[in-house]
Structure formats: C-alpha cells, structure tokens
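Input: a single structure, listed below in structure tokens.
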Amino acid sequence: SLQIKALFVHNNEEISRLKFEMAARLSNPNTGPFTDAQKFSAYIAAQLHNAVITEPLGDQLVHQLMDIAGSSHEILSELASHRNLTHADYDPANILVCKDGEEWKISGILDWEFALSSTYYMDIGLMLRYAHRLPKCFQDSFVRGIQEGNPQLLSSDWEVRAKLIDLVCLLSLCAANPPDKRPQMYGDIKNLLQRTCEFLGRQ
C-alpha cells in the first residue's frame, strides 16, 4: 500500500526542520513579520466580527467558533510563534511521488506560491482536511510517515493543533467564497467548520 512519507522534500531534508528568523510570508521578502492583527487569535476574532462572514454562518456556529477561539488562545499564541517552512497548500495534488523498491516516497512538492514561515501544523491540517471522507489508512499512513521521519515532531495534542490552524484557513476562505456566488464551495467550507467545532468540542 502507498505509505506517504510526510513532510519530505526531494533533497531528503524535512520541511519541518527548515526554520526562519521570524514568522512571515515568504512570497514577498519585504513584507516583514506578521503583525499582531495577523496572528491566529486576532485573525479569528476579526473574521468572526465581519458580518460578511458571520451572517451566512449563522449565530450558533459563530458562537461555537468564538468559544473555541477563546478556550484555545494559549495554543494559538504558541503556534503563532512557530517559524518553520510551511507550504500552506499541502495536499495530494501538489505532491509528486516515485517508487523506491516496494515503497512509494515523496520526490517533490509543487506550488510554493503561498509559502509561509509559520507552523507545520498548518500543512498537517490541510493534508488531513478531508480525511473523514477517505479510508482510515490515509490518515494513519500519513501520521506514521511523520513519526518515522521525526518522532519528536508531533505533540500529544497534534490533531487539536492541526484542526485549530485549519479552522483559521477555513475562515480565510469564507469571505472569498460567499454563498451567493459559490454556493457549493461555501457549503463545503461551512460543513468543515461545523465538523471542526464538533471535533474540538469533544477534546
């Protein structure tokens, strides 16, 4: 079976090991570090006070998201201080693989236009965003690949961290995909936000 050796680039150096001096966008080296308003907790708060986003989501979901953001402030603040190389569009469509003996390994990662100096939990969250629609072996193999490559990388609450950062990413998609213009995309985003709230609410 295909076992994904996660966070692995063609020169055999793990993405997660590459660090920068500060958390920032990498597409423009002159942008400087993220401002306080761009950090995860503040960004979530701003999105959840934007009527363009909150009105279609509905009061119940917005309140759930606010509660999660409030209770997760400490984790979000810690994650905002990470400065790892982060692909920020990490999914199977952007991964090249090649066969090495009986095993498939990642040979290259494509499309770095959204790359950040941020947290590797963002890439994990993106990769596993639709894991609930796939066979269980998809997530299991992905996580096993990370653990084999870097046993210290994942914290005991890694899935919570990945879901929290994916929540940030999903909120960033809301304004760009309003229900009157992209109803199917918006419906998918809202469903994912609801599932994320259900998962985090059980933790």
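Taken from NZ in K136 to OG in S141, the straight-line distance is 9.5 Å, to the nearest 0.5 Å. Note: I95 CD1 to D111 CG = 11.5 Å, rounded to the nearest 0.5 Å. The CZ atom of F40 sits 7.5 Å away from the SG atom of C169 when rounded to the nearest 0.5 Å. Note that the CG atom of D180 and the OH atom of Y186 stand 10.5 Å from one another [nearest 0.5 Å]. Here the CD-CG distance, from Q47 to L57, works out to 10.0 Å after rounding to the nearest 0.5 Å. Atom OG of S117 sits about 7.5 Å away from atom CG of N84, to the nearest 0.5 Å.
Around the NE2 atom of H49, the shell of radius 6.0 Å holds no more than 12 heavy atoms that belong to other residues, nucleotides or ligands. Counting heavy-atom neighbours within 6.0 Å of D59 CG, excluding the residue itself, gives a total of 12 or less.
Counting heavy atoms from C-beta on, the side chains of R129 and L170 come closer than 4.5 Å. Contact annotation: the side chain of L167 never approaches that of K163 to less than 4.5 Å [non-hydrogen atoms, C-beta and beyond]. Considering only heavy atoms from C-beta on, K190 stays 4.5 Å or farther from C174 through its side chain. Looking at heavy atoms from C-beta onward, F199 lies out of side-chain contact with R195 at the 4.5 angstrom threshold.
A pairwise comparison of heavy atoms in L192 and Y130 identifies CD1-OH, 3.5 Å as the closest pair. Residues V97 and W104 come closest through the heavy atom pair CG2-CE3, 3.8 Å. Closest heavy-atom contact between S118 and T86: C-OG1, 3.3 Å.
Taking the side-chain hydrogen bond (donor to acceptor under 3.5 Å, both in side chains) definition, one finds that R133 meets it with D188, sequence neighbours left out. For S155, the side-chain contact (heavy atoms from CB on, under 4.5 Å) test picks out Y121, D157, W158, R161, with sequence neighbours left out. Taking the side-chain hydrogen bond (donor to acceptor under 3.5 Å, both in side chains) definition, one finds that R182 meets it with N177, sequence neighbours left out. Here P183 pairs with nothing under the side-chain contact (heavy atoms from CB on, under 4.5 Å) rule; sequence neighbours left out.
When the side chains of ILVMFWY residues are joined at heavy-atom separations under 4.5 Å, either directly or via intervening members, L116 and W112 end up in a single hydrophobic cluster. Following chains of ILVMFWY side-chain contacts shorter than 4.5 Å, one can reach V143 starting from L134, so the two form part of one hydrophobic cluster.
Taking the six-membered ring for Trp and thresholds of 30 and 60 degrees, Y90 and H87 have ring planes more than 60 degrees apart, a perpendicular arrangement.
Of the possible donor and acceptor atoms, one in the side chain of D123 sits under 3.5 Å from a partner among the backbone N and O of A88. A donor-acceptor distance shorter than 3.5 angstrom exists from the side chain of N94 to the backbone of D89, with no hydrogens or angles considered. In this structure, T54 contributes its side chain and L48 its backbone to no donor-acceptor pair below 3.5 Å.
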Counting only pairs under 3.5 Å, give me each side-chain donor-acceptor contact of residues 61-76, with atom names and distances, residues two or more places apart or in other chains.
| unit_1 | atom_1 | unit_2 | atom_2 | d |
| --- | --- | --- | --- | --- |
| S71 | OG | D67 | O | 3.1 |
| S71 | OG | I68 | O | 3.1 |
| S72 | OG | I68 | O | 2.8 |
| H73 | ND1 | S41 | OG | 3.2 |
| H73 | NE2 | S77 | OG | 3.4 |

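Listed by chain and number, the hydrophobic cluster partners of V52 come to none, as no ILVMFWY side chain reaches under 4.5 Å of it.
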